[in-house]
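Not measured: the values here are computed from a predicted model. Order of the sequence lines fixes the chain letters, A, B, ..., with proteins taken first and strands second; residue numbering starts at 1 for each chain. Atom set for the values below is all heavy atoms of this structure, side chains included, hydrogens, waters and symmetry mates excluded.
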Amino acid sequence: MNPSIERKWQRKWEESGIFQSEIDRSKPKFLITVPWPYTNGPLHIGHGRTYTLADVIARYKRLRGFNVLFPMAFHQSGTPILAFSERIRMGEKKTVRQYRENLSEYEEPEMVDKRLEEFKDPEKIAAYFSERIVKDFTYLGYSIDWRRRFTSADPFYQDFVKWQFEKLHGMGLIKKGEYPILYSVEDKNAVGEDDISDGDVDKVSVEEYTAVIFRGESFSLITGSLRPETLFGVTNLWISPNCRYVKFKMDSNTYVVSNEAFEKLGLQRSNIELIGTVSSDEILNQAYITPFDGRKIRAYYSSFVDPDNGTGIVYSVPGHAVWDFIAIKDAGIHIKPIYVVDLKNGEKTTVDSLISDLGISSLSDSDKLKEATQQLYKVEFYGGFLNQNNGEFSGLPVKEARDAIKSSLFKLGNGFIFYEVSRKAQTRGGSKVVVAVLKDQWFIDYSVDWWKKASHDLVSRMLFYPEFYRNAMHDAVDWLRERPCARRRGIGTRLPFNQEWVIESLSDSTIYPAVYSNTDQVMKIYSELGSFPEDLVNFVYSDDDNDISKYPEHIQRLAREARDSRKYWYGVDVRLTTSPHMSNHLAFYVMNHAALFRESDQPKGIIISGLVLSNSAKISKSKGNAISLLKIANKYSADLYRLFATVNADISSILDWNETDLSAVKRKYDAFLEIMDESHRYPEQSNRQVEDWFDTNFRIHRKEFIEKMDRYDIRGAYVSIFYEVINDLKYVENRGGDVNKCIESIRRDWILALTPVIPHTCEELWEKFGFDGFASAAELKDDAGETPDLRIIDSENYLQNIVRDVREIMKATGMTPQQIRIETCNPRIREAAVILLENRMKDVPVDLRSVIPDFMKNKRNIDLTNDRELQVLRDNLNYLSATFKCKVFADEARIEPGKKNAWPGRPLIRLN
RNA sequence: GCGGAGGUUGCCGAGCCAGGUUAAAGGCGACAGACUCAAGAUCUGUUUCCGCAGGGGUACGCCGGUUCGAAUCCGGCCCUCCGCACCA
């Protein structure tokens with residue numbers, strides 16, 4: 001459908017307000033939502049799939065008599081928009097280029113710079129792209145009630161979020177605690193993925209080291225290890241030859257680490273106090289005691305030790321670490337490895353074997369060393385156990401031993417947790433990224449038992465499509481622990497009980513769909529009062545009967561309306577999104593509802609759609625395969641995209657956007673347009689049987705369509721009602737039926753059934769054929785009770801079987817027949833067949849007994865359903881002749897004792 | 001490793017949950033024919049192997065099992081993909 005026609009209908013829908021949903025108690029309600037998009041850039045075909053599917057469902061439910069609400073709002077919380085804006089301000093090339101590209105999709109070239117200038121204000125970015133998304137979605141024909149639009153940064157909404165957090169706080173679900181975060185010392189600030197240079201391509205994470213203390217006479221050394229379970233295998237310590245080591249006091253003991261490590265420790269632990277530098281000789285000149293087994297070991301130099309990794313001191317386990325093994329050889333020290341980890345099933349992956357397998361000769365083979373380390377780590381961690389050299393820990397599997405040794409170590413005061421970054425990283429501004437421990441981080445405590453139980457109960461009640469996500473959701477609920485719920489900066493709502501914190505962007509977006517149910521009233525309350533006071537929020541969104549009589553009458557009225565509205569609409573019937581949201585957003589969504597809302601307001605269903613590929617590749621800006629929704633609507637048309645998104649892949653599987661598949665879909669779509677084009681008349685012909693067959697089949701397709709849609713097998717539904725009906729019409733034409741008549745008889749229902757997917761096309765047709773109102777607002781009834789006459793279908797199947805058999809014979813014999821004679825089962829043989837099928841051999845009339853051997857041969861193919869075979873054949877002789885291009889005769893077969901006979905459903909076919 | 005999904009005919013992809021009507025929908029590709037001056041588009045047919053009569057063989061990752069009968073149920077194995085978090 002060309003864009004101007006699509007625009008026309010979009011205008012008409014808007015003018016008529018048919019998608020502005022109001023309470024209508026005569027109909028069942030249906031609320032469908034998609035998680036709000038983050039407004040830092042334009043959306044592409046990937047996002048479009050989710051919204052398209054939601055719109056198809058919304059429109060289908062409307063078609064079936066539901067009062068549907070499909071609302072939408074925008075997400076602005078968090079740091080990315082701020083970060084992008086700041087980078088544009090700083091003139092960072094990559095970001096500027098990206099936004100220039102984004103803008104040139106929408107703007108005349110001369111406007112791009114002006115807009116870009118505006119984007120130095122983060123609010124402008126958010127506002128601009130929200131506006132674009134509304135436009136793009138309108139062009140795609142989505143039936144969204146835009147009156148309910150708002151953003152997560154709106155003040156009235158922030159009051160709602162505050163209420164949510166006060167409630168959670170009151171229920172004891174919010175906690176304070178320590179938490180490691182990525183941090184920049186120079187900027188004195190937490191850093192997120194967006195702040196780190198290359199943070200998006202090469203993620204930086206926090207790693208948990210075990211700091212192990214080796215006591216010495218005048219001071220102790222602290223080492224950092226990822227593998228504390230190898231502690232009994234320590235033979236020596238390593239320090240770097242070019243590093244400044246420092247002495248410091250902690251809990252009245254004196255320790256030594258690298259200068260860099262000391263700085264990091266300062267961000268992670270309190271009460272540490274610098275004493276001064278210490279010379280390497282001092283470190284090398286004294287002995288150290290190993291924890292647990294109290295052996296005396298010494299420290300040596302090795303070049304592989306990095307002062308800026310861990311504590312700058314490494315404990316050496318040559319038996320289980322390749323670096324250490326090589327380093328000992330390198331340094332020419334006479335130390336024998338101690339082996340502490342044995343493998344199950346007698347596996348033989350050891351330090352020695354890895355070194356020889358990979359051909360590692362020195363510490364400079366760092367790539368190979370890394371690989372060997374990883375291999376060894378994997379093998380020993382998952383398949384190893386501690387041997388008899390491990391004191392009280394002997395016999396434990398490595399997985400358990402690690403925690404056992406750790407906690408034992410901590411208890412004895414010989415260790416603590418030390419956090420380190422997973423790789424060296426810098427901020428975009430060039431300052432170093434390290435790990436700091438926040439002492440007073442706010443958490444939502446998702447681990448509370450009663451909360452988990454309530455959530456599991458909710459999950460059990462909900463609908464999941466595909467069903468296997470139900471289990472995934474149960475798991476997600478189990479996995480959730482404490483989640484940090486506030487940050488020091490970013491757009492969003494301040495924590496009501498601690499104003500220095502901004503509520504984190506996923507935590508402020510869990511129960512917002514409730515606001516869709518009464519956006520209008522709630523916004524009015526806010527604008528009248530200048531706030532949305534807690535007691536009013538509580539009145540509107542919970543069923544607590546708190547007293548609101550202190551407010552003016554009209555505010556009270558608005559609040560009551562808002563409450564009624566919530567009661568009518570709320571409880572999201574379907575929330576549709578993609579699987580990456582499972583373990584975060586959707587889990588929070590489910591759990592927060594379980595805590596804050598009563599059952600009728602809780603979510604009813606979740607549908608998860610698969611990913612979208614573009615030309616068989618993951619969509620990414622850098623690959624240039626991120627096709628924007630605007631381009632889709634303009635270049636391909638909304639209806640074609642919608643049809644493609646609906647029909648080319650099941651909801652649960654990957655959808656690959658590519659021109660080949662698209663052109664196949666387009667052909668079908670064009671075929672449909674041609675069918676509906678009245679100037680294109682089909683040949684005047686008539687074949688009652690086929691026309692009845694078509695009619696019956698259409699009723700079956702319509703029934704299947706409804707059944708499949710009702711269980712969200714959207715693709716299946718449209719294969720039935722679109723592809724199969726088109727094929728049926730083609731069949732009618734080939735079989736000499738009156739196609740025009742067939743089309744006319746199904747026109748109304750067919751157009752309606754297709755409206756959810758290709759609404760613009762269908763409105764146009766609806767109007768053309770003189771139906772009243774909008775197709776989008778009409779109702780499609782199912783014809784409950786009417787059972788289709790399956791005998792008509794059977795007759796056609798019978799005929800097609802004959803055609804297939806004849807073809808097979810032609811193929812096998814390689815002959816082109818001059819004439820074909822088809823002889824149907826003799827009535828007496830039919831009677832005999834009935835008897836034989838019941839295994840009553842003795843009841844077969846004597847003169848027919850000689851036919852039994854032939855019966856046994858044909859038994860499998862005998863089919864009694866069609867009792868008017870000859871009639872069917874005679875009615876269709878012309879068709880058969882035309883198909884095989886020769887004369888075709890049909891007769892009743894004679895009985896031929898001892899020879900081949902015609903059986904029910906299995907006539908004799910003779911080619912000459 | 002844990003959790004989840006999956007391995008189907010040249011390719012993509014249904015079906016398997018409720019075993020037989022499944023050589024296995026649909027699409028793409030390929031081949032042949034029709035139409036056309038030609039190409040494209042469209043339409044018709046073919047597209048596992050064997051077969052001069054509608055038949056038979058082999059097939060749904062591999063190996064076993066249950067069953068009269070398994071792509072479909074059960075057990076084991078191999079392989080692929082996704083998630084494992086604080087990030088929107």
Side-chain angles (χ1 to χ4, degrees), chain A residues 35-40 75-81 83 179-182 192-194 199-200 203-206 378-379 381-383 398-399 441 443-444 446 466-476 478-487 490 504-507 509 579-585 587-588 610-611 616 647-650 652-654 656 658 660-661 663-665 667-668 670-671 674 713 715-716 719-720 722-724 727 730 733-734 797 801-815 817 822 857-858 860-861 863 865 883 900 906-911:
Chain A
W36 48 16
Y38 191 69
T39 48
N40 66 329
H75 196 209
Q76 300 186 357
S77 314
T79 49
I81 290 180
Y179 191 72
I181 52 160
L182 296 175
E193 185 180 302
D194 320 288
D200 45 344
K203 261 188 124 172
V204 181
S205 54
V206 175
K378 216 176 164 179
V379 174
F381 182 68
Y382 295 118
V398 169
K399 276 195 262 186
Q441 171 71 49
F443 292 90
I444 297 181
Y446 285 107
E467 168 64 31
F468 68 77
Y469 281 110
R470 183 190 309 281
N471 270 334
M473 184 53 85
H474 278 301
D475 288 347
D478 279 334
W479 286 335
L480 284 179
R481 303 192 297 262
E482 295 90 5
R483 181 192 161 88
C485 64
R487 302 184 71 173
E504 173 273 333
S505 58
L506 276 178
S507 301
S509 302
S579 62
H581 290 116
M582 259 329 268
S583 61
N584 41 62
H585 167 69
F588 303 149
L611 289 174
S616 305
V647 131
N648 225 48
D650 181 72
S652 63
S653 47
I654 292 169
D656 185 8
N658 64 77
T660 314
D661 286 357
S663 72
V665 171
R667 260 205 304 281
K668 288 287 180 206
D670 289 341
E674 195 178 300
D713 176 6
R715 175 173 182 260
V719 167
S720 290
F722 187 61
Y723 283 148
E724 288 182 7
N727 288 345
K730 225 182 272 169
E733 191 181 359
N734 294 336
N797 286 346
N801 282 339
I802 301 291
V803 169
R804 202 173 26 201
D805 281 351
V806 172
R807 285 218 167 95
E808 190 146 347
I809 296 168
M810 284 166 65
K811 194 179 143 207
T813 58
M815 61 193 281
I822 305 169
K857 247 168 120 182
N858 285 290
R860 275 182 51 210
N861 295 311
D863 177 7
T865 48
T883 304
K900 245 178 125 168
R906 187 83 181 150
L908 286 175
I909 299 170
R910 302 183 206 274
L911 309 193

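Each of A:Lys668 and A:Ile654 has a nearest nucleotide on RNA chain B; the 5'-most of these lies closest to A:Ile654. Comparing A:Ala664 and A:Asp805, the nucleotide of RNA chain B nearest to each residue sits closer to the 5' end for A:Ala664.
B:U58 and B:A24 have their C1' atoms separated by 14 Å, with the value rounded to a whole Å. Rounded to whole Å, the P atom of B:U46 lies 11 Å from the corresponding atom of B:G26. Across B:A14 and B:G7, the matching C1' atoms stand 15 Å from one another, rounded to whole Å. Across the C1' atoms, B:U9 and B:U66 are found 27 Å apart, a figure rounded to whole Å. B:A53 and B:A59 are spaced 25 Å apart, taking the C1' atom of each and rounding to whole Å. Taking the P atom of each, B:G56 and B:G1 are spaced 46 Å apart, rounded to whole Å. B:G15 and B:G29 are spaced 22 Å apart, taking the C1' atom of each and rounding to whole Å.
Side-chain nitrogen and oxygen atoms of A:Ser505 include at least one within less than 4.0 Å of the OP1 or OP2 phosphate oxygen of B:A88. Between A:Arg715 and B:G27 there is no side-chain N or O to OP1 or OP2 distance below 4.0 Å.
Aromatic ring orientation, A:Trp36 versus A:His75: parallel (interplanar angle below 30°, classes split at 30° and 60°).
Remark: A:Glu467 engages A:Arg470 in a salt bridge, criterion side-chain N to carboxylate O under 4.0 Å.
Here B:C43 presents its C1' atom at 11 Å from CD of A:Glu674, a figure rounded to the nearest Å. Atom-to-atom, CZ of A:Arg483 to C1' of B:A88 comes out at 10 Å; the value is rounded to the nearest Å. One can place CG of A:Asp661 at 7 Å from C1' of B:C28, the figure rounded to the nearest angstrom. Atom CG in A:Asp713 sits roughly 17 Å away from atom P in B:G26 (whole-Å rounding).
Checking B:G33 for Watson-Crick or G-U wobble geometry (two distances, each under 3.5 Å) identifies B:C43 as its partner. Remark: B:C11 base-pairs with B:G27. Criterion, Watson-Crick or G-U wobble with two distances under 3.5 Å.
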What protein N or O atoms touch nucleotides 49-53 of chain B N or O atoms at under 3.5 angstrom, if any, and at what distances?
residue, atom, partner, partner atom, Å
B:C52, O4', A:Ala812, O, 3.3
B:A53, N6, A:Leu911, O, 2.7
B:A53, N1, A:Ile909, O, 3.4
B:A53, N1, A:Leu911, N, 2.9

query: If the sugar-phosphate is the primed atoms plus P, OP1 and OP2 and the base is the rest, what is the B/S/- string for nucleotides 3-11 of chain B, using protein heavy atoms under 4.0 Å?
result: SSS------
